[in-house]
Amino acid sequence: TPDIEADELKRLERAVAKLPRIQRDIFLAKCRDHQTYAEIAACTRLTPSGVQKQLARALFNIRRQMDGEPPALVAALVLMPKSGKIPARL
């Protein structure tokens, strides 16, 4: 239902806002902006594998902040094709 989706989006926004800056930046670059690991690595001065590790930590922290529940919205963001629409508020 729309109320559940809106609540989950708010929870996700709060969880993302609480991430350490590098994790938040990488999460948004990958999930919202659909940048590749190489593109993110170039901006962050990390290796592509370092970017992957930080993204994994971000996802772990988001899941932990959302009571261990794997939010469907996070899965949708990670798996969404490049042409998909993601709320700009994230």
Side-chain angles (χ1 to χ4, degrees):
T1 66
D3 288 338
I4 292 172
E5 291 172 8
D7 288 344
E8 189 168 334
L9 178 58
K10 287 177 187 174
R11 289 177 62 211
L12 176 60
E13 288 173 337
R14 284 192 300 267
V16 171
K18 291 179 182 177
L19 290 173
R21 183 175 179 163
I22 188 71
Q23 291 178 18
R24 182 176 57 247
D25 290 349
I26 289 171
F27 176 83
L28 294 174
K30 185 68 177 159
C31 297
R32 183 188 63 197
D33 303 334
H34 298 286
Q35 292 182 4
T36 65
Y37 292 126
E39 291 170 329
I40 299 168
C43 294
T44 60
R45 296 184 182 174
L46 295 172
T47 63
S49 72
V51 170
Q52 287 179 302
K53 288 176 188 176
Q54 289 297 323
L55 180 60
R57 288 178 182 153
L59 294 171
F60 173 81
N61 287 329
I62 289 169
R63 188 175 186 170
R64 187 181 64 190
Q65 290 179 48
M66 297 182 80
D67 302 323
E69 179 182 324
L73 187 54
V74 172
L77 290 173
V78 172
L79 300 174
M80 186 175 290
K82 195 169 190 171
S83 61
K85 291 187 178 181
I86 296 175
R89 292 188 336 207
L90 292 179

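All residue numbers in this chain count up from 1 along the given sequence. Both backbone and side-chain heavy atoms feed into the values below; hydrogens, waters and symmetry mates do not.
- Note that the CZ atom of F27 and the CG atom of L12 stand 5.0 Å from one another [nearest 0.5 Å].
- Looking at D7 and R11, no side-chain N of the basic residue comes within less than 4.0 Å of a carboxylate O on the acidic one, giving no salt bridge.
- When every heavy atom of K30 is checked against every heavy atom of T36, the shortest pair comes out as NZ-CA, 4.3 Å.
- Atom-to-atom distance recorded for L55:CG and Q23:CD is 9.0 Å, nearest 0.5 angstrom.
- Here the shortest heavy-atom pairing between P48 and A38 reads CG-CA, 4.4 Å.
- You'll find the side chain of L28 reaches within 4.5 Å of the side chain of V16, heavy atoms only.
- Between L46 atom CG and Q52 atom CD the span is 11.5 Å, to the nearest 0.5 Å.
- Here the closest heavy-atom approach between residue E39 and residue H34 is recorded as OE1-O, 4.4 Å.
- Considering SG of C43 and CG of D33, their distance stands at 10.0 Å, rounded to 0.5 Å.
- When all heavy atoms of M66 and A15 are compared, the closest pair comes out as CG-CB, 4.3 Å.
- In plain terms, the two heavy atoms of L19 and Q65 that are nearest each other are CD2-NE2, 4.3 Å.
- Atom CD1 of I26 is separated from atom NZ of K53 by 12.0 Å, given to the nearest 0.5 angstrom.
- If you take CZ on R24 and CZ on R21, they are separated by 7.0 Å, rounding to the nearest 0.5 Å.
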